[in-house]
Amino acid sequence: MGLAERLVVHRTLTECSPTLVDQVVGAVVDQVPTYRKLSDTQLREVTAIAQWAVTRLSEMWVDGTRLTARDISRFRGIGATRATDGRPLLAVLRAYRVAAATITDAIAEHAPPGLTVADLAALVRALVDALDDLSEALASGYQHKAAELVTDRNRLIDELLQDLLAGRQTSPGALADRTEQLNVRVPATFGLLLAVGGPAGPDPYPPLAAALTESSAVDTDHRPADLATGALLTTVRAGARVLLLPAGHDRAAIEAAVTAGGWRACSIDGTAPATLPQDYRVAAAALEHAPAEAFTRRLVLDRGDALTVAVLHGAPPVDSRRTARRGLRPGAHPRARAPARRAPRVPHPRVGDRGCDRGRAAPPDHASPPSPPHRAHRSQPDPLLGPARTRGGPRLATDPTVSARGAVPRLRARDVPPIRPSGDVQAADR
């Protein structure tokens with residue numbers, strides 16, 4: 001079969017192109033699982049590429065050419081687009097191999113009976129050369145764009161963490177949009193860890209993060225993490241490595257990892273996006289101003305330690321009640337009450353005892369004398385009872401210090417002067 005016969009096959013494939021393109025797309029979707037999850041827009045893009053591939057591959061087979069520089073540039077752009085979509089490169093390359101096999105079967109089906117071995121060899125060479133060139137172009141465009149995306153994405157994630165620590169653009173709506181775009185998770189509550197090395201020590205993050213990831217301190221389901229890589233969310237601020245840990249993390253594992261590396265750290269639990277700026281300032285101040293003796297027994301300070309350092313240093317400003325609740329022992333809390341001490345029971349003196357006359361009992365030994373304001377108040381006349389009684393006068397029977405089980409006989413009616421209402425009361429009665 002010569003050039004004329006190949007042109008006949010080319011025209012036949014062009015005429016039945018819609019059907020052949022549907023076959024190519026169907027084969028790709030069936031044999032490449034990644035393409036089963038594509039949206040309608042992405043499937044239309046795949047259909048357009050398959051249409052181009054049917055026409056271009058048959059042309060190269062007819063005239064014995066290879067992909068042009070324009071074709072190579074186009075496939076580099078396709079590779080960059082696939083990297084942006086997040087489609088795996090191996091899945092993309094496999095899709096082109098499946099499409100090439102489907103087109104080859106269609107050519108063999110529509111070829112006239114005079115198809116020779118030389119024609120088949122030319123078809124195979126055209127397919128191999130095309131797959132070789134487009135695979136290289138796809139991989140080049142894909143890897144270049146992926147490197148840019150990783151750099152840009154890491155920068156954007158770092159900017160997100162810096163904004164969280166500074167309290168910028170962290171409203172619930174804005175935070176949800178940014179985390180969704182970057183494919184990261186920032187839960188409602190999490191832990192904060194600040195770690196620093198020695199005066200000339202290296203950056204503690206790489207070994208520390210590896211140790212925490214491998215330990216039980218990290219919850220893989222609810223931890224703050226980069227969902228694309230599974231790595232912890234981390235950044236560097238003011239010379240300290242900042243890591244976000246899952247809520248309820250294993251403190252023993254964190255202390256073991258920090259101790260093994262010889263770093264100093266401060267762990268704040270129960271923080272949230274809204275309280276992260278204040279918690280970060282408290283932790284940073286603790287690492288900067290805590291005395292050396294604070295790290296002799298343990299290398300990881302907690303929230304109580306950090307609040308105590310903030311109070312002693314005077315910065316950053318903290319809530320005194322919160323500091324007392326977190327940093328002091330229960331008995332040292334300003335509002336903590338000591339157990340009430342019951343005064344010893346002193347028997348009331350009876351009439352006839354020393355220092356006691358009829359109608360007046362001696363005060364117990366532990367009772368303090370009335371204060372001057374109290375005495376002045378007792379000396380003022382009452383608007384309903386008339387002039388007040390003096391200290392030496394008889395007390396009412398309702399006084400518990402007098403009417404206790406016969407200590408003093410109850411007063412009789414003649415011992416109590418009549419109650420004389422004041423003029424205002426008399427006027428009101430009238």
Side-chain angles (χ1 to χ4, degrees), residues 39 41 84-86 148-196 205 208-209 212-213 217-249 251 254 265-288 301-304 306-307 309-311 314-323 325-327:
S39 62
T41 302
T84 304
D85 295 341
E148 292 182 355
L149 291 175
V150 168
T151 302
D152 294 342
R153 185 170 178 273
N154 291 340
R155 177 179 56 82
L156 292 175
I157 293 177
D158 188 77
E159 290 178 357
L160 171 63
L161 295 178
Q162 294 291 339
D163 289 343
L164 281 173
L165 295 174
R168 297 187 299 262
Q169 301 178 7
T170 56
S171 63
L175 183 60
D177 292 340
R178 297 178 70 180
T179 54
E180 182 179 1
Q181 293 174 359
L182 296 175
N183 195 24
V184 298
R185 181 196 299 123
V186 178
T189 58
F190 49 88
L192 172 66
L193 180 68
L194 266 68
V196 295
Y205 168 68
L208 177 60
L212 293 179
T213 303
V218 177
D219 183 3
T220 57
D221 295 332
H222 303 92
R223 65 179 180 179
D226 181 353
L227 299 180
T229 62
L232 294 171
L233 295 180
T234 178
T235 186
V236 177
R237 189 176 179 89
R241 176 62 67 170
V242 182
L243 294 94
L244 301 187
L245 299 176
H249 51 269
R251 183 174 178 84
I254 294 176
C266 181
S267 176
I268 305 293
D269 57 347
T271 188
T275 60
L276 181 59
Q278 175 66 15
D279 291 338
Y280 163 75
R281 289 191 292 267
V282 170
L287 292 178
E288 182 179 359
L301 304 180
D302 57 13
R303 183 186 289 271
L307 292 175
V309 173
V311 171
V318 294
D319 186 0
S320 60
R321 295 182 179 180
R322 186 184 184 191
T323 303
R325 184 171 62 254
R326 290 298 189 100

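As the structure is a prediction and not an experimental result, all values here were calculated from the model.
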Donor-acceptor pair, Ser267 side chain versus Leu193 backbone, under 3.5 Å? no

Residue pair Arg241 / Leu194, side-chain heavy-atom distance below 4.5 Å: no

Do Thr84 and Leu149 make a side-chain contact, defined as non-hydrogen atoms from C-beta onward lying under 4.5 Å apart? yes

State plainly whether the residues Arg303 and Asp279 are in salt-bridge range, i.e. N to O under 4.0 Å. yes

Interatomic distance, Leu227 atom CG to Leu182 atom CG [nearest 0.5 angstrom]: 10.5 Å

Between CD on residue Glu180 and CG on residue Leu175, distance to nearest 0.5 Å: 11.5 Å

With a 4.5 Å limit on heavy-atom distance, are the side chains of Pro224 and Pro187 in contact? yes

Tell me the salt bridge (charged side-chain N to carboxylate O under 4.0 Å, His left out) pairs involving residues 156-166, sequence neighbours left out? Arg155-Glu159, Asp163-Arg168, Asp163-Arg178

With a 3.5 Å cut-off and no angle check, do the side chains of Thr179 and Arg185 form a donor-acceptor pair? no

Identify the heavy atoms of Val242 and Arg237 that sit nearest to each other, and give their distance. CG2-CB, 4.4 Å

Are Thr271 and Thr189 close enough, and set up right, to give a side chain to side chain contact (heavy atoms under 4.5 Å, CB included), and what steps lead you there? CA-CA 6 Å; Thr271 188; Thr189 58; over 6 Å; no

Heavy-atom distance under 4.5 Å between the side chains of Ile157 and Leu233, does that happen here? yes

Atom pair CG (Leu245) and CZ (Arg251), whose distance is rounded to the nearest 0.5 Å: 10.5 Å

Nearest non-hydrogen partners of Ala306 and Cys266, listed with the distance: CB-SG, 4.0 Å

To the nearest 0.5 Å, tell me how far Ile268 CD1 sits from Asp302 CG. 7.5 Å

Would you confirm whether Gln181, through its side chain, and Ala176, through its main-chain N or O, come within 3.5 Å as a donor-acceptor pair? no

Residues in side-chain hydrogen bond (donor to acceptor under 3.5 Å, both in side chains) with Asp226, at least two apart? Arg153, Thr229

Side chains of Leu307 and Val282, heavy atoms from C-beta outward: is any pair under 4.5 Å? yes

Kindly write out the residues that satisfy side-chain hydrogen bond (donor to acceptor under 3.5 Å, both in side chains) with Asn183, not counting sequence neighbours, or none if the list is empty. none

Can you tell me how far the CG atom of Leu192 sits from the CG atom of Asp269, to the nearest 0.5 Å? 10.0 Å

State the CG-CZ distance between Leu164 and Phe190, to the nearest 0.5 angstrom. 6.5 Å

